[in-house]
**Q** 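Take this structure, written in structure tokens, and hold onto it; I'll ask about it next.
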Amino acid sequence: MADLRNNFVGIKSPNPFWLASAPPTDKAYNVERAFKAGWGGVVWKTLGSEGPPVVNVNGPRYGAIWGADRRLLGLNNIELITDRPLQVNLQEMKQVKMNWPDRALIASIMVPCVEEEWKAILPLVEETGADGIELNFGCPHGMSERGMGAAVGQVPEYIEMVVRWCKQYTRMPVITKLTPNITDIRRPARAAKAGGTDAVSLINTINSIVSVDLDTFAPSPTVDGKGTHGGYCGPAVKPIALNMVAEIARDPETYGLPISGIGGVTTWRDAAEFLALGAGNVQVCTAAMTYGFKIVQEMITGLSDWMDSKGHKTLDDISGRAVPNVTDWKYLNLNYISKAHIDQDACIKCGRCHIACEDTSHQAITDMVNGVRQFEVKEEECVGCNLCVNVCPVENCITMVPLAAGTIDQRTGKPVDPNYANWTTHPNNPTAVQAAE
Amino acid sequence: MGRLSPGITSGRLSDADYEANFADLHPRLDKHEALVASDRCYFCHDAPCMTACPTSIDIPMFIRQISTGNAIGAAHTIFDQNILGGMCARVCPTETLCEQACVRNTAEHRPVEIGRLQRYATDVAIEQNVQFYERAAPTGKSVAVVGAGPAGLAAAHRLAMHGHAVTVFEAKEKSGGLNEYGIATYKATDNIAQREVDYVLSIGGITVKHGQKLGRDFSLADLAARHDAVFLGIGLAGVNGLNVEGENLSGCTDAVEFIEGLRQAKNKADVAIGRSVVVLGGGMTAIDAAVQAKLLGAEEVTIAYRRGKENMNASPFEQDLAASKGVTIRHWLQPKRVLGDGSKVTGIELEYTALTSAGLAGTGETVTLRADQVLKAIGQSFEADGLGGLEIKGGRVVIDAEGRTSMPKVWAGGDCVKLGEDLTVTSVAQGRDAAMSIHRALA
Ligand SMILES: Cc1cc2nc3c(=O)[nH]c(=O)nc-3n(C[C@H](O)[C@H](O)[C@H](O)COP(=O)(O)OP(=O)(O)OC[C@H]3O[C@@H](n4cnc5c(N)ncnc54)[C@H](O)[C@@H]3O)c2cc1C
Ligand SMILES: Cc1cc2nc3c(=O)[nH]c(=O)nc-3n(C[C@H](O)[C@H](O)[C@H](O)COP(=O)(O)O)c2cc1C
Ligand code: SF4
Ligand code: SF4
Ligand code: SF4
């Protein structure tokens, strides 16, 4: 049995599955249920300053997109940080941490960008026995209009400044949560590191409008006839989150900075992918909000079974393993040549591969051979782009087969070069560096 | 020899026909089919399907595990509750159990294919021989299990898991009970019954002694004296008689016996079947006997049942299956006389029945059907000697909610007790739960 115990910047939890700061972690009732169900840790719903709490809309907060069978693919929300008084949250956190000493409990915080505010709240949080803090620089709606959340997260200098305050005023590990609503995710990560953060977590939600009601001409969720952009999360955002995690993991300036991966984690497989791209653990919100806390059991057993089947013993055996394989386009091997291959026994003759290639790509798949409906790859035209693989409805029917070195590429008439060569040295590249003689 | 030969003969069909007829009724889903089928599950809260499963398998969880590509994890989830989940996936009347309760059955009359998904996952684990359970440290206690059917095997496995030394006493030469001798051939292809027995026994700590019959080779009192506890899972070894004239003519046999012969036949072409076959009864056994008679090449097969369609124990799915194979089901007919030529069956005289204020009664009107074989599927009966003073009621062993009998140190479960339906899955549940009760008692 694989050992799933997690040690993230010194914070220990029995498994790497934490609930992200959001409604599932809004109060003791939920968090108690989450721990009973097996979650390794929680990041408590974001706390604000002492005083009257924020208010939420009382109409719909969520919008979504679904697959045809109502599978929830993406969720959008316009909720703010916790709307409960700070003291109530702090008391509950303290009690829960006492009840569950082996689980991670992190306090998420968002207060105005003023040193005194941070200085005031940190001792209160520390007093609860929380294992660490997460700085919410991500919330893309509502809070950002008030100069907090994403409004801070989009200005690297502010991030660095706030992180520095936190490192100064608390002994607790600091996790900086990043917003994806930015052009280059490496900038805020570098700033957080410069400020002394122990880790970054990402992504928070993405600015979005999920749909427009065409009868009322209003975006949804619609509150009394009007809508606003909300934060997008769930399975649909995973590819964006994976890329951002990888960007930070492989950036020489932030290399080695611990990352808590967030965004669309729904199954063990998603979690394993985040870990492979350099995350030390993962946080989950939408999957729990869709299926309930029990879903973590699938993630735990799935990750453990997969690790067993591959002989991985601990999380360290997989964390970051894919990072060296993420590179820039310019370093991809241009001498690597693959061709699509259609398994004629598996093909159901729908013609999608043909029309995709014929209309929009390289005219490399037949639709007729000797007068009968037949779909075959014309090797002399195929550039190996993989489009047909992606549109074919039959799994593994079309596969990309690499050409062995020395074989003739029917398209160019040239033999496949066994040597690695990339764009930086390519003759067509005006800035190509000349290979050393 | 030939398709229309009169009397009871073998080799009515070509080899290819036999092979096709006795192939897997619902072949295993391939990976893609399993993913598509699993995608339909809503991962319901407090899932109704799970409540409807007599062994309470966590159905939403195992289906979710299949959908994430973790078939082995799915099998683990299934076996945690039901170590015979492989056979149950094949033989459970899902249309009256989990799949009937599935919310997608409620919504669109198309349940999630729970049974077939269960088969997919368990097949993968059994084929790869992935073992999920280890024996706990030996407790030094010894438990005797009588009968190696579903109830006995489930009990033995659970007891072994908890470190007890288990000895199974089985009257027959093979283990598996009706999984090996009774279930329809097309539901238990590829020797799955024996493969499953091997899989279950691999946990270790279980010794099976074949050819050991309670009442003949030992008594219950002997066992109770030699072991710390005894579990009885002896099923229903007897069969009910017709008690009508002509019952002893050659060609009038018991359906369970006929199926046993068929299941044990190496070559289906060697199994003799009549040209015209009448099956008496209305349960699963009647359907299985009739369908398999048809598949063996009988020209006409009629089930005669003494009550109406809605009273049949066989589910609508089973009835449709019989109809699709060309079996005629006739209702409100009870046997009056088996007709013969002095030695062999030539037909059967049936009397129409009706419900009266005094219950079911013959109307006096009769009909005669041509038949060279009559198969009796009118119920099995409890039959065992050597039980001493064990309390029996209504022909079954009396137990309490935990499976305890009237005798100290003795538990029972499966078909031999009167509690729940006579199904493989109920027997597994009872065997498992009795084992837990034994474990608690021995602690
Ligand atoms: C023809 C037929 C078809 C069926 N089809 C289905 C189906 O499709 N689905 C379904 O869910 N259920 C089906 N059933 C019912 C199901 O098979 C039984 O409910 C189940 O097998 C009962 O399990 P058990 O362990 O209690 O008894 P059994 O399976 O009968 O096993 C009892 C075991 O005890 C042994 N034994 C008996 N007496 C003694 C003794 N004195 N000493 C030692 N050993 C003894 C027997 O040899 C046998 O191995 C069918 C039954 C029949 C007869
Ligand atoms: C309704 C809702 C409220 C959220 N509130 C917060 C919050 O208070 N603080 C925070 O840091 N992130 C908040 N998030 C963002 C989540 O923590 C998480 O980063 C995001 O949903 C992506 O993960 P997911 O795809 O698993 O949902 C919220 C998300 C949702 C859906
Ligand atoms: S999920 Fe609960 S709180 Fe939300 S709208 Fe539905 S019933 Fe109301
Ligand atoms: S898309 Fe796939 S299935 Fe359809 S014709 Fe092409 S190869 Fe065949
Ligand atoms: S009831 Fe149907 S949809 Fe719901 S969990 Fe069970 S199988 Fe899935």
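Letters A, B, ... are given to chains in the order of the sequence lines, protein chains preceding strands, and every chain is numbered from 1.
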**Q** With a 4.5 angstrom heavy-atom cut-off, could you sort out which part of A/Thr290 is near chain B: side chain, backbone, both or neither?
**A**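 The answer is neither part of A/Thr290.
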**Q** Looking only at side chains, do A/Asp316 and A/Ser319 share a donor and an acceptor under 3.5 Å apart?
**A**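 No donor-acceptor contact under 3.5 Å links the two side chains.
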**Q** Picking from A/Thr266, A/Asp305, A/Thr267, which has the most non-hydrogen pairs under 4.5 angstrom with chain B?
**A**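 Greatest number of close heavy-atom pairs with chain B: A/Asp305.
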**Q** Does the gap between the ring centers of B/Phe79 and B/Tyr199 come in under 6.0 Å?
**A**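 Yes - the distance between ring centres of B/Phe79 and B/Tyr199 falls below the 6.0 Å cut-off.
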**Q** When you check the side-chain N and O atoms of A/Trp268 and B/Gln65, is any donor under 3.5 Å from an acceptor?
**A**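 Looking only at side-chain atoms, B/Gln65 and A/Trp268 do not form any donor-acceptor pair under 3.5 Å.
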**Q** We want to know whether A/Ser260 and A/Asn281 form a side-chain donor-acceptor pair, criterion being a heavy-atom distance below 3.5 angstrom.
**A**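 A/Ser260 vs A/Asn281: donor-acceptor pair found between side chains.
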**Q** With a 4.5 angstrom heavy-atom cut-off, could you sort out which part of B/Asp58 is near chain A: side chain, backbone, both or neither?
**A**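 For B/Asp58, side-chain heavy atoms alone lie under 4.5 Å from chain A.
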**Q** Which bit of A/Arg71 comes within less than 4.5 Å of chain B, counting heavy atoms only: side chain, backbone, both or neither?
**A**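 Side chain of A/Arg71 only, per the 4.5 Å heavy-atom cut-off to chain B.
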